[in-house]
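Just so it is clear: chains get the letters A, B, ... in the order the sequence lines come, proteins before strands, and each one is counted from 1.
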Amino acid sequence: MSFADRLIDWQRRAGRHDLPWQRRRDPYGVWVAEIMLQQTQVATVIPYYQRFLERFPSAAALAEADLDEVLQLWSGLGYYSRARHLHRAAREIVERWGGVFPKRVEDIARLPGVGRSTAAAIAVFAFGARAAILDGNVKRVLARCFGIEGYPGTPAVERRLWRQAESLLPERDVAAYTQALMDLGALVCTRARPRCEACPVAGDCVARLTGRAEQLPTPRPRRPLPLRQVQWLVVLRHDEVLLEKRPPAGLWGGLWSFPEIAVEEDATAWCERALQASAQALTPLEPFDHVFTHFALRIHPQLVRVRRVPARAAQPGWLWIPIDEAARAAVPTPVRKVLAAVGSPGP
DNA sequence: CAGCCGTGGCT
DNA sequence: TAGCCAAGGCT
């Protein structure tokens, strides 16, 4: 029996069949699922997927929405450029494709946020196309099965993996085969402690036969990171907290967060400058020189280790948000946690 | 091309 | 426990 047939047969018995995005096979539902699942585990995606599709049931509904609302529904899921791309792509589908999701893999792959692998997955699951995917699961399964050495992040190794993935494609049942590949990687051929005894292709697996299953795929070469520490300023006024809108791209792009400074900077001086610079936006607040009688500045004790201090926006927006509402605003998860830790500052 | 982007689970 | 990685794509 061929590699593909063994996997398809196994998938029918032991694979996943009841995931939310497997219930609907329309291209929009498949597309949103594939974007959310990029670098994100299934269990994390499920509640976000259900909320998102309830609010935006179609590309047209998504295209009409404000980006802020899309980001708010995405908040906590991470990789926020996915949400910005999704929103842009929805408008592209409406304007360029007349609201009809493109069918050709090349056209799907031109949508923002959709690369080669995601385009193939959409085409396979929504349109029954014959195309190969190559995600983390598939890379691991193929690297082990066929003994492909080397870090998959390098172009040479990735080319070999793509060629291998293409050559294994069955003539029919590509959707079942693709799902099988991902299920095998997620449930059996796991990164640590693979369950080789439950694998339908263990008999032909190079890594299994050479005892190198846990050594493949070759891990990323580690390079020491110049870690710095930054800290957040939490500016409070009664039961309100000051948030700034981050630049539209980059880290937490378009989301609201606390002002963030390097640990070497003087927080008090920085806060004075920031409040002075945004005096217009802060009306009807008191003049900044009263800041320490009318406002409370807290330097949150939680320090964050980051690669670099994120660049600040030239013209950040500022917003005083009641603490209760802030917890529901479009803010990234670390900010929500700090917010919960700060609580109400009292009178 | 290599670094960046987020959060959570795992060992 | 601190690092590694996950249904990758963009620059």
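Going from atom OH of A:Tyr79 over to atom P of C:dC10 covers 13 Å, rounded to whole Å.
Between A:Arg140 and C:dA6 there is a side-chain N or O to OP1 or OP2 distance below 4.0 Å. In this model, the phosphate group of C:dG8 is approached by a side-chain N or O of A:Gln39 to a distance below 4.0 Å at OP1 or OP2. Within the 4.0 Å cut-off from OP1 or OP2 of B:dG6, not a single side-chain nitrogen or oxygen of A:Lys337 is found. For A:Thr118 and C:dG9, the shortest distance from a side-chain N or O to OP1 or OP2 is below 4.0 Å. For B:dT7, the OP1/OP2 oxygens have a side-chain nitrogen or oxygen of A:Trp252 closer than 4.0 Å.
Residue-to-nucleotide proximity on DNA chain B shows that, of A:Gln38 and A:Ala156, the 5′-proximal contact is made by A:Ala156.
Looking at heavy-atom distances under 4.0 Å, A:Trp21 makes contact with a base.
A salt bridge links A:Glu171 with A:Arg130; the closest basic N to acidic carboxylate O contact falls under 4.0 Å.
For the P atom pair drawn from C:dC4 and B:dG3, the interatomic distance equals 14 Å after rounding to whole Å.
Put simply, the side chain of A:Ser81 and the base of C:dG9 share no donor and acceptor less than 3.5 Å apart.
Two different hydrophobic clusters hold A:Phe56 and A:Val94 under the rule that ILVMFWY side chains link at heavy-atom gaps under 4.5 Å. Two different hydrophobic clusters hold A:Tyr79 and A:Trp21 under the rule that ILVMFWY side chains link at heavy-atom gaps under 4.5 Å.
With a 6.0 Å radius and a threshold of 12 heavy atoms from other residues, nucleotides or ligands, A:Arg193 has its CZ atom at or below the threshold.
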